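In what follows, a single structure is set out as structure tokens and then discussed.
What you see is a predicted model; the values in this text were computed from it and never measured.
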Amino acid sequence: MTYEEKKDWLWRYRRARKKELYLTRELKEAELDYGRMTRTLSSVPGGGGDGQALPRAVERVEKARQALEAQLLLCDDLHAEIMAVLLCLEDPDDYEVLDLRYLHLKTWESIAAEMKLCLRQVYRRHLHAMDELEL
């Protein structure tokens, strides 16, 4: 695999986490709408709705919850798959750079600070790790 293909393979986890965050917001929004829906129900006669607003709100919450649970499972699977490949790296520093970048989603600067290296060394370490990575 080329460097770009390896990088794209590793970024799958990041994309999955972004989708997880999106689905979490969708679930919270659906739950808020559902909460407002149940508070507005009262014994006072109201307008001419079709009477299905509450079941639709419940269905929306349930769909959002199921989508989030499926995405969480996907994230766990991707994390385990990437971790298994990273653990095959011989140099612990190579492992740490890739782990911090692709599984902990840290910036280059925070990786450099955490590893107590200069930014140039982190880049060099990353390039070396990507060369050693076998997919």
Side-chain angles (χ1 to χ4, degrees):
M1 288 184 114
T2 67
Y3 174 83
E4 289 301 321
E5 290 171 332
K6 288 178 183 181
K7 203 164 74 167
D8 190 50
W9 185 83
L10 289 167
W11 277 128
R12 293 178 313 150
Y13 180 70
R14 179 181 183 212
R15 289 189 298 271
R17 285 297 307 265
K18 280 186 172 186
K19 187 172 181 182
E20 175 193 332
L21 294 174
Y22 169 77
L23 291 172
T24 300
R25 286 191 306 268
E26 286 288 315
L27 176 60
K28 286 180 183 178
E29 183 181 308
E31 287 174 340
L32 282 173
D33 289 346
Y34 171 75
R36 280 189 232 123
M37 177 71 58
T38 55
R39 279 195 304 265
T40 59
L41 293 177
S42 66
S43 59
V44 177
D50 64 355
Q52 297 300 311
L54 185 58
R56 277 195 302 268
V58 170
E59 185 179 328
R60 182 175 171 219
V61 168
E62 191 56 34
K63 280 184 181 178
R65 185 172 285 124
Q66 289 173 353
L68 179 59
E69 288 172 2
Q71 190 65 28
L72 287 170
L73 289 174
L74 175 66
C75 285
D76 289 344
D77 290 346
L78 287 173
H79 189 279
E81 182 182 348
I82 292 170
M83 183 63 81
V85 171
L86 294 186
L87 287 173
C88 293
L89 292 171
E90 292 182 20
D91 192 327
D93 288 336
D94 289 349
Y95 164 81
E96 189 173 4
V97 167
L98 294 183
D99 180 57
L100 291 172
R101 181 68 177 164
Y102 297 104
L103 293 178
H104 295 279
L105 310 175
K106 297 207 174 187
T107 64
W108 294 116
E109 292 78 13
S110 62
I111 293 170
E114 192 167 322
M115 293 182 71
K116 296 178 179 40
L117 299 171
C118 73
L119 204 51
R120 177 185 245 169
Q121 288 174 314
V122 172
Y123 292 146
R124 193 175 306 131
R125 220 359 109 194
H126 176 265
L127 188 59
H128 180 265
M130 292 296 272
D131 285 342
E132 295 297 315
L133 200 61
E134 293 182 20
L135 302 178

| query | Considering residues, nucleotides and ligands other than Glu134, do more than 12 of their heavy atoms fall under 6.0 Å from its CD? | reply | no

| field | More than 12 heavy atoms from other groups under 6.0 Å of OH on Tyr22 | value | no

Is the shortest distance from a Lys or Arg side-chain nitrogen in [X] or [Y] to a carboxylate oxygen in the other one below 4.0 Å?
{"X": "Arg65", "Y": "Glu69", "value": "no"}
{"X": "Arg60", "Y": "Glu29", "value": "yes"}
{"X": "Lys28", "Y": "Glu31", "value": "no"}
{"X": "Lys6", "Y": "Asp131", "value": "no"}

Interatomic distance, [X] atom [atom1] to [Y] atom [atom2] [nearest 0.5 angstrom]:
{"X": "Arg124", "Y": "His128", "atom1": "CZ", "atom2": "NE2", "value": "11.5 Å"}
{"X": "Leu68", "Y": "Leu73", "atom1": "CG", "atom2": "CG", "value": "9.5 Å"}
{"X": "Ile82", "Y": "Leu10", "atom1": "CD1", "atom2": "CG", "value": "5.5 Å"}
{"X": "Asp93", "Y": "Arg125", "atom1": "CG", "atom2": "CZ", "value": "4.5 Å"}
{"X": "Asp76", "Y": "Leu72", "atom1": "CG", "atom2": "CG", "value": "6.5 Å"}
{"X": "Glu114", "Y": "His104", "atom1": "CD", "atom2": "NE2", "value": "8.0 Å"}

Side-chain touch [X]/[Y], heavy atoms, less than 4.5 angstrom:
{"X": "His79", "Y": "Tyr102", "answer": "no"}
{"X": "Leu119", "Y": "Glu109", "answer": "yes"}
{"X": "Ile111", "Y": "His126", "answer": "no"}
{"X": "Val97", "Y": "Met130", "answer": "no"}
{"X": "Leu105", "Y": "Trp11", "answer": "yes"}
{"X": "Leu103", "Y": "Leu86", "answer": "yes"}
{"X": "Leu74", "Y": "Leu78", "answer": "yes"}
{"X": "Thr2", "Y": "Lys7", "answer": "no"}

| Under 3.5 Å, is there a donor-acceptor pair between the side chain of Arg12 and the main chain of Trp9? | yes

| request: Write down the atom of Cys75, the atom of Glu20, and the distance for their closest heavy-atom approach. | output: SG-OE1, 3.4 Å

| task | Identify the two heavy atoms, one from Ala129 and one from Asp94, that lie closest to each other, and give their separation to 0.1 Å. | result | CB-CB, 3.5 Å

Would you say [X] and [Y] are hydrophobically clustered, going by side-chain heavy atoms of ILVMFWY under 4.5 Å?
{"X": "Met1", "Y": "Tyr3", "result": "yes"}
{"X": "Val85", "Y": "Leu100", "result": "no"}
{"X": "Trp108", "Y": "Tyr13", "result": "no"}
{"X": "Leu21", "Y": "Leu27", "result": "no"}
{"X": "Leu135", "Y": "Leu87", "result": "yes"}

| field | Name of the residue among Leu98, Asp91, Leu89 meeting side-chain contact (heavy atoms from CB on, under 4.5 Å) with Glu132 | value | Leu89

